[in-house]
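Every chain is numbered from 1 and lettered A, B, ... according to where its sequence line falls, protein lines coming before strand lines. In this text the structure is predicted, and so the values were computed from the model without any measurement.
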Number of protein chains: 2
Amino acid sequence: MVKDHTTEAKIKDAARNIFISKGFNGCTSREIAKEAGMNVALVNYYFKSKGHLFDIVVSSVMKEFTLSMIDIFKSNIPLINKTRIFIDKEYEFLSKHPEIPNFIITELGKKDKSFFELLDINNEIKEAKIFEQIEESQKIGEMRKIDIVSIMLLMMSNCHFPFIAKPMVQMINSLKDDEYEKQLVIHKQYVTEMIIGYLFPTK
Amino acid sequence: MVKDHTTEAKIKDAARNIFISKGFNGCTSREIAKEAGMNVALVNYYFKSKGHLFDIVVSSVMKEFTLSMIDIFKSNIPLINKTRIFIDKEYEFLSKHPEIPNFIITELGKKDKSFFELLDINNEIKEAKIFEQIEESQKIGEMRKIDIVSIMLLMMSNCHFPFIAKPMVQMINSLKDDEYEKQLVIHKQYVTEMIIGYLFPTK
DNA sequence: CACTAATTTAAACGTTTGTTTAAAGTTTTT
DNA sequence: AAAAACTTTAAACAAACGTTTAAATTAGTG
């Protein structure tokens, strides 16, 4: 995980971990400095303010979050395979970073549109030509004719929610961490089966 | 929405609105008092502390949140119909209270198990005999044989996520509020079709 | 009306917050 | 090696925080 040993990188790494698990308002500058093993003033020496550091972390996390998705979008394989791999990779990514979806949703809701536009994610998605592939697949009657937003919602709902709602589902069903992990492995199969079956009814 | 005109109720109502939209750490006692139109000290006069008031709000919201679900569980109708109605009622409830799922998930993750046990939700679900109905439906080959946790995850994922992830999906797709609302109406139909088709393959 | 209890307010409490300052330490440059 | 620039620290800053206090106001009771 540790990419760099510079002071700046130490602060950013510490901030990333703490911001993701506690949110912007849930932690203090001193807590970040302590986690990085240094003085509070250094946080503002390298990054102008707590808010500025936070914006940098959010951008970084968003980039990492979308990168894995866009990589799959770009790959030159049939849409059905791509759908399977997407679900697979999402569960893989989220198993490693289970707190990221909740972090993004909660903290992105506070930001305005201009902040999001700076990230330039939409363009990257467009360049992946995934929309064209879906349109083509729907035209030849392979994929069910559903608008792109709903497809996105179906995929993300079934991939992200199990990680987002982990504490709630664990409480309701009295499941320990390792039990919930096992549940997720099973659930991924159901999700794949259901989504493939629905989006590609002929297969 | 205003149920009562007593000072205590005013504070609780104000606290509920602010806590739900900003979270525990995202607001101050003075902000709650101002929203309720009174002095800060009254918050601690009627409710011991900010934390205590918060616990009361969380409990109240959780109760309201689960009540609508359990009502459907209890009703004496076939499981397929119950599934349709469940999705319908969830979308209806969440359209009115779109911030509640995110609130519950975020803030419940900070609480420990003992807090949840006080709410006594598990017992209410058990009394609804929904598990027995599912088991029976699976036994006669009507419902696909899937464990109860995954069924719950499938239902909740596809109902809650579209509301939880609203800001993110809106940003990615450049959708205004009213456009997203229309999207949700369409999406609910897809979700219903997909889930019914998957859970009850013979129909 | 007088008296008591409950309610509401303004003010202050000690902490903690994000941020800044100024000095000390370290590295780089000349 | 001296000077300049960069890095790190301890200390302090004002502002905001949750909470408490004590006085003022209102409501209830005989």
TODO: Nearest whole angstrom, please: distance from the C1' of C:dG18 to the CZ of A:Phe19.
DONE: 12 Å

Task: Electrostatic pair A:Glu124:A:Lys63 at N-O distance under 4.0 angstrom - done: yes

- [ ] Could you tell me the separation between the OH atom of B:Tyr46 and the P atom of D:dT19, rounded to a whole number of Å?
- [x] 18 Å

TODO: Using whole Å, report how far NZ of A:Lys22 lies from P of C:dT17.
DONE: 11 Å

Open item on the list: Using a 4.0 Å heavy-atom cut-off, does B:Phe47 contact any base of the nucleic acid, only the sugar-phosphate backbone, or nothing at all?
Closed with: nothing

Below 3.5 Å, can you tabulate the donor-acceptor pairs from side chains in residues 150-167 of chain B to any protein atom, sequence neighbours excluded?
from, atom 1, to, atom 2, distance (Å)
B:Ser150, OG, A:Gln183, NE2, 3.0
B:Ser150, OG, A:His187, ND1, 3.0
B:Ser157, OG, B:Leu153, O, 2.5
B:Asn158, OD1, A:Asn158, ND2, 3.0
B:Asn158, ND2, A:Asn158, OD1, 3.0
B:Asn158, ND2, B:Leu154, O, 2.8
B:His160, NE2, B:Glu90, OE1, 2.7

TODO: Compare side-chain N and O positions of A:Tyr45 against OP1 and OP2 of D:dT8 and report whether any pair is under 4.0 Å apart.
DONE: no

- [ ] Take the protein atom CD of A:Glu8 and the nucleotide atom P of D:dC6, then report the distance between them rounded to whole Å.
- [x] 14 Å

Open item on the list: Categorize A:Val43 for me: base, sugar-phosphate, or nothing, with a 4.0 angstrom heavy-atom threshold over every strand shown.
Closed with: nothing

Open item on the list: Distance alone, cut at 3.5 Å: any donor-acceptor contact between the side chains of A:Gln170 and A:Lys176?
Closed with: no

Task: Output field: ring centroids B:Phe19/B:Phe54 closer than 6.0 Å - done: yes

- [ ] Encode nucleotides 21-29 of chain C as B, S and - characters from 5' to 3', where the letter depends on protein heavy atoms closer than 4.0 Å: B to the base, S only to sugar-phosphate, - to neither.
- [x] B--------

Task: Nearest-angstrom distance from the residue atom NE2 of B:His52 to C1' of D:dT19 - done: 15 Å

- [ ] Please report, rounded to the nearest Å, how far the P atom of C:dT17 is from the NZ atom of A:Lys50.
- [x] 9 Å

Task: Near-strand residues of residues 27-39 of chain B, defined as heavy-atom separation under 4.0 angstrom from DNA chain C - done: B:Arg30, B:Met38, B:Asn39

- [ ] Starting at atom CG of B:Asn25, determine the distance to atom P of D:dG18, rounded to an integer number of angstrom.
- [x] 9 Å

Open item on the list: Tell me whether A:Glu99 is salt-bridged to A:Lys22, with the criterion being a basic N under 4.0 Å from an acidic carboxylate O.
Closed with: no

Open item on the list: I'd like to know if B:Glu107 and B:Lys110 make a salt bridge, using a cut-off of under 4.0 Å between side-chain N and carboxylate O.
Closed with: yes

Open item on the list: What I want to find out is whether A:Arg144 reaches B:Glu193 closely enough, with some N-O distance under 4.0 Å, to be called a salt bridge.
Closed with: yes

- [ ] Give, for atom CD1 of A:Ile20 and atom CG of A:Asn17, the distance between the pair rounded to the nearest 0.5 Å.
- [x] 6.5 Å

Task: Centroid separation A:Phe73 to A:Phe86 less than 6.0 Å - done: yes

Open item on the list: Just the rounded figure in Å: distance from C1' of C:dA11 to CG of B:Leu42.
Closed with: 15 Å

